[in-house]
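Take a look at the structure below.
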2 protein chains.
Amino acid sequence: MSTATPAETSVASWVAHAPTGPVDTRRSPHAALRTLDLAAARLRGGPLLQRQQTCLRVSLAFGAEQLEEHGNFHDLKLTAGLAQGPYKGPVYIDSDLHKWLEAVAWACADRSNADDPDVRPMLTRTIDLLAAAQAEDGYLNSHFQVKDPAGRFRDLTGAHELYCFGHLAQAAVAAARGAGDAKLLAVARRFGDLLCQTFGPGQREGAPGHPGPEMALVELYRQTGERRYLELARFFLDQRGRGFFARERQANDPARPVRDPSYWQDATPVREADEVVGHAVRQLYLLGGVADVYLETGEQALLDAALRQWADFTQRKMYITGGAGSTRHGEAFETGYVLPSAATYCETCAAVAVVLWAWRMLLATGESCYADVMERALYNNVLAGIGLDGRSWFYVNPLATDGPVKRQAWFGCACCPPNAMRLLASLDHYLATGDDDSVQIHHFAPATVVAAGLRLSIETSYPWGGHVHLRVQRADGATGRQTEIALRLPDWSAAHELRINGRPAASEHARGYVRVRRVWREGDDLELRLDMQPRWVEAHPRLESAGGRLAIQAGPVVYCIEQADLREDEDVRLLRVDARQPLGPVWRGDLLGGVMTVEGCGFVDPGRWTGQLYRPLSNPHPRRRAVSFTAIPYGWWANRVPGPMRVWLPRG
Amino acid sequence: MSTATPAETSVASWVAHAPTGPVDTRRSPHAALRTLDLAAARLRGGPLLQRQQTCLRVSLAFGAEQLEEHGNFHDLKLTAGLAQGPYKGPVYIDSDLHKWLEAVAWACADRSNADDPDVRPMLTRTIDLLAAAQAEDGYLNSHFQVKDPAGRFRDLTGAHELYCFGHLAQAAVAAARGAGDAKLLAVARRFGDLLCQTFGPGQREGAPGHPGPEMALVELYRQTGERRYLELARFFLDQRGRGFFARERQANDPARPVRDPSYWQDATPVREADEVVGHAVRQLYLLGGVADVYLETGEQALLDAALRQWADFTQRKMYITGGAGSTRHGEAFETGYVLPSAATYCETCAAVAVVLWAWRMLLATGESCYADVMERALYNNVLAGIGLDGRSWFYVNPLATDGPVKRQAWFGCACCPPNAMRLLASLDHYLATGDDDSVQIHHFAPATVVAAGLRLSIETSYPWGGHVHLRVQRADGATGRQTEIALRLPDWSAAHELRINGRPAASEHARGYVRVRRVWREGDDLELRLDMQPRWVEAHPRLESAGGRLAIQAGPVVYCIEQADLREDEDVRLLRVDARQPLGPVWRGDLLGGVMTVEGCGFVDPGRWTGQLYRPLSNPHPRRRAVSFTAIPYGWWANRVPGPMRVWLPRG
């Protein structure tokens, strides 16, 4: 670990560093794991790369069209004096563009793939526009520059002003790292400096009604070495739970009904929180910021609060898909164990936020449980939010639908599509961590990872198969030095086997990783075999929407049954499964771009249910009919003819 | 059936009629069934009488104390110029007092029971107060007379002004019928006349934001013969679904966010509605009014809409307890099959409203299915809303609780306690209907019913046992005339047997009733034997919170399991039931005032669930432990030490 504290490190040394991905813990004093340089980890195959390539080749240009159509570019042109006409869109409209721009910036990084389009012109044009739109004093927000100049910083509670800044800063950091373009970073820093001069101890009180800027400010600090951004992030954390939002609302509009402060995570100070509450994306972004500030400051109270809230989330409020947010009312968490399947929320942004928070917790602790949850959210809820065509999106991700449901091209509140894009475009970043002495593989995919003087070529059919081969080359040419390769042991794998050069090998286990420390030789082959057999999964009996039902999971992949895979007279809404019969994996290269399906047996209920909600049990029902079914990965659902779908099924 | 239409009947003939209960269909031209005179049906024993007696002996006086404490009397004294001080309570405060007064009025009817307190002084005092508070022009509403005189009729959407009038009118009708006191009726008529002069075709548009007055106006019409009240009720129905509420809100407060018009049942005209939507009590009260207007006008479109909505409610949105309203957000119905057990609403008022609507549908059609649902709502959700002590109440009635839950003495919005009181105080009314030629017994209880020249003495241990004896006496002394006795065949009874004077008897079945038409002789004994065996009940697979789980029902009584009946190391939240083992009824005279309990077998989950929401299925789990359990009637729950409770349980 680095022993120099950030304060001792000059800004110059920061700038000299190699570019990295969305989170840079290479010098974070309290990180258990160090993130890698941007080029050090690259997806080389598998479904994650498929999705990433669709994003780069289709979604980014499609997003540009949508942003054009919905006025996002227009509003910034108005701001820059480059266009005329009425202002369009909601108060948070800039943030959608910033998130898309962040995705474009990550896409500029070289992937050595001739099929990827050159998106740098989109990046440059947009950065030029943003620079032109920035006010003299550094402020940049099209709504408040064009539509409501008097409203600047007046409604931090509801106006998403700091939130928009956060996404601008994230895009700026991405442009600097992914595209080597520092122009937007200068814009973001000027705006950040204005915020630092406005808010803080002895200045204005306030915090973002929608968190997010906390993570961005910490990253701006990591990118620039300017500690004031970190201090402002901490100040925003400190402000919560002290009634600021209620006071501001009261001052602005005394007649407006008071909202439950937990909506904004303002009912409890950040360090005292025990539960995830309120608007799910806000809560999860806030916790990403809490983890980020901890990584830099080491303040134990912040980590402790995040650990308590992590336990609350994963033990009481997390969907099997990794989704978060049980109700559309306030897009919010409910009390524990209230995780309805149909009338749910599970916003795509919330699943992205789970990934972002979990990654920071992993970096802070090095414990595999965080990577387990990242993986659950990524393969299931996040991927479900994105159409295979790369141009259709779910905002809400139910685990059961009764009728046809289709992804939409865009939304009036278009937070989710560009959020998914920026995650996909930067996905390589999350594969591995490492330092001079060790490398940790968190997520398995065909990939190359360069760290600790090693170059690892990873071959696997994961998540469809459980064998992961790492072929070792020495990247630094040095020999005689022991280095550790750590591979995550996922929580869903009942058993595993480790082989080195084809022979079963002993290994250490710590923090959920199998660890092999040795002098690696050129061409060494390290193989991890995980148990990917499809399994019936049961839910905690207190989870009323799922307790008493079963789901199917194989590895990290949660399955669902779509009506499209059943006969017309086999209504998935009436299907019961037969857990005494085996589940069988069946590879279907022709289906949905190639997926592992799962086949099983069940029963369909007789038509007697017509007109009844309740009936005396008659079990087995004399008229039930045995059927077989095909289940598909939930992250791939709703890409064929729309129809009912189920994740949790009652037993026959 | 009467052939005279109301318009042909003079007001005088109305007034001469014997008093009756809350609904008077004795001359309703489109009623299939005729309600009885007030004295014609009387509970004589059983749990319903127990609850009614607690209401009369405890709740009414307790309610008076609460109304005193919460300012309901005070506000009316302010209105009458009989007190000074600040106005108290919410805008709908008068309605709580009116509903309580209605209960007091029904309690004044002679039950020939020396233990019942004389509540007539409470009635008289309160009526005098209301009369004194009435404005010159007939208006009567303490909030708008004292606190906001300029606001009269300005916010029909939200101010509950017409709603309060409705409950005033219901209390007035009850006072006239139950206590023979016509003073309040004159007050209500003056206010009603003011409304008739204000609203209607060619006058002001508008409708009650909270329905209820529709039923009241029809009853005022039935009581007085004044057709204008019926016309106003119909006008209020006609106004819905035409955007009045949105227009009014817009005019009053253009800045206020627009609410989904289905909250007020204003998204669809009444005659075009297919679904029950929005605020559950509002929707159900409205449908009571729809049925009432149909009963008097015979307008088929109204009945058809009510029938469609009935099907939607009972086949998609009704809890097994008869409860209505799935979410606290807007106290509202959700989409079909969304009936969560813990995070539910099931307001006590909504269950009362189910009873009121179902009764009117029964009167309109004569079909037993409406009495089935009435009974389900009454024995389960309504009774659960009322503590056995008669002085504690649930507003919300969950079907599962994870922690201690206690009834409260009163509420800031105290609609439920007096609503339960007025239903309990008038419960006899709902037992039976009849005319010169026939009598229909809808609900079974120890009772006397006088109709069709017969006096029936009903003996039964219902709902704990399924044998119902009717001992027939001739009330009119006449002989030689055939009359029909019809007894409901409840939907939950798999089989039944009819005996006359001890011998199995043939019978006709029609509209869900077993019907015996004969010349009844003094002392004839008619016996119906129903199947009350406790049963496992399963829910429609689409009902995600219950599909895959089981409940217990015996006759109309839904059971639940309380932690109080399990050992400390047997957590009801982790209990799974064993549906292969029999359920056994066990009478417990010592428990909860005497209830039939049900004993069964199940399993408790091992402690392995700690820290997990999902786990691979291992069935049967090697560490599960067999237990026996005692279930109690849901309508009697939460009367002992508070703790977790479950209606729906997963299978072991």
Side-chain angles (χ1 to χ4, degrees), chain A residues 253 255 311 314-320 326-330 334-343 399-400 402 492 494 535-551 553 573-576 579-580 605 609-619 648-651, chain B residues 253 255-256 311 314-320 326-330 334-343 400 402 492 494 535-551 553 573-576 579-580 605 609-619 648-651:
Chain A
D253 185 357
T314 57
Q315 297 177 18
R316 299 174 73 232
K317 297 175 184 169
M318 179 184 73
Y319 280 87
I320 191 172
S326 295
T327 172
R328 69 180 190 279
H329 302 287
E334 277 277 10
T335 53
Y337 305 104
V338 177
L339 297 166
S341 287
L399 280 73
D402 278 357
W492 44 259
R535 298 232 183 119
W536 292 112
V537 176
E538 61 176 343
H540 196 292
R542 288 178 67 176
L543 211 166
E544 68 177 45
S545 57
R549 293 177 181 247
L550 295 176
Q553 191 174 334
R573 300 170 305 177
L574 304 182
L575 181 69
R576 293 164 186 272
R580 294 161 310 181
D605 257 29
W609 278 110
T610 308
Q612 278 182 297
L613 269 181
Y614 311 104
R615 74 181 184 195
L617 179 68
S618 167
N619 199 25
W648 290 104
L649 293 123
R651 300 179 67 167
Chain B
D253 184 358
R256 192 161 175 178
T314 57
Q315 296 176 20
R316 299 175 72 234
K317 297 174 185 170
M318 180 182 72
Y319 280 87
I320 192 173
S326 294
T327 172
R328 69 179 190 277
H329 302 287
E334 276 278 10
T335 53
Y337 304 105
V338 178
L339 297 167
S341 287
D402 279 356
W492 43 258
R535 297 232 184 118
W536 293 111
V537 176
E538 61 175 344
H540 195 293
R542 289 177 68 178
L543 210 165
E544 68 176 44
S545 58
R549 294 176 182 247
L550 295 175
Q553 191 175 333
R573 300 171 303 177
L574 303 182
L575 182 70
R576 295 165 184 270
R580 294 162 308 180
D605 257 29
W609 278 110
T610 308
Q612 279 182 297
L613 270 180
Y614 310 105
R615 74 181 184 194
L617 179 68
S618 167
N619 200 23
W648 291 103
L649 293 121
R651 298 179 68 169

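Note that the coordinates shown come from a computational prediction; the quantities given were computed from them, not determined experimentally. Throughout, protein chains are lettered first and strands after them, A, B, ... in sequence-line order, and every chain is numbered starting at 1.
In terms of heavy-atom pairs under 4.5 angstrom with chain A, the leader among Ala342(B), Ala311(B), Ser326(B) is Ala342(B). Looking only at heavy-atom pairs under 4.5 Å with chain B, the residue among Pro650(A), Ala255(A), Pro340(A) that has the most is Pro340(A). In terms of heavy-atom pairs under 4.5 Å with chain A, the best-connected choice from Tyr319(B), Tyr337(B), Trp648(B) is Tyr319(B). Chain A forms the most heavy-atom pairs under 4.5 Å with one residue out of Gln553(B), Gln612(B), Met318(B), Arg256(B), and that residue is Met318(B). Chain A forms the most heavy-atom pairs under 4.5 Å with one residue out of Gly548(B), Pro541(B), Ala546(B), and that residue is Pro541(B). For the options Asp402(B), Val338(B), Leu649(B), Leu543(B), heavy-atom pairs under 4.5 Å to chain A are most numerous at Asp402(B).
Both the backbone and the side chain of Leu613(A) come within contact range of chain B, judged by heavy atoms closer than 4.5 Å. For Thr314(A), the part lying under 4.5 angstrom from a heavy atom of chain B is the backbone only. For chain A, the nearby part of Leu550(B) is the side chain; its heavy atoms alone come within less than 4.5 Å. For Arg316(A), the part sitting under 4.5 Å from any heavy atom of chain B is the backbone (N, CA, C, O) and nothing else. Looking at Trp492(A), neither its backbone nor its side chain comes within 4.5 Å of chain B, counting heavy atoms on both sides. Only the side chain of Arg535(A) comes within contact range of chain B, with at least one heavy atom under 4.5 Å from a heavy atom of that chain. Of the two parts of Arg542(A), the backbone and the side chain both hold a non-hydrogen atom closer than 4.5 Å to a non-hydrogen atom of chain B.
Ion pairing between a basic and an acidic side chain is recognised when a charged N comes within 4.0 Å of a carboxylate O; Glu334(A) and Lys317(A) show no such pairing.
Taking the six-membered ring for Trp and thresholds of 30 and 60 degrees, His329(A) and His329(B) have nearly parallel ring planes, at less than 30 degrees apart.
Proximity of Arg549(A) to Glu544(B): side-chain heavy atoms (C-beta onward) are separated by under 4.5 Å at one or more points. Contact check for Leu339(B) versus His540(B): no side-chain heavy atoms found under the 4.5 Å cut-off.
When all heavy atoms of Ala579(B) and Arg651(B) are compared, the closest pair comes out as CB-NH2, 3.6 Å.
Atom CD of Gln315(A) and atom OH of Tyr614(B) lie 12.0 Å apart (nearest 0.5 Å).
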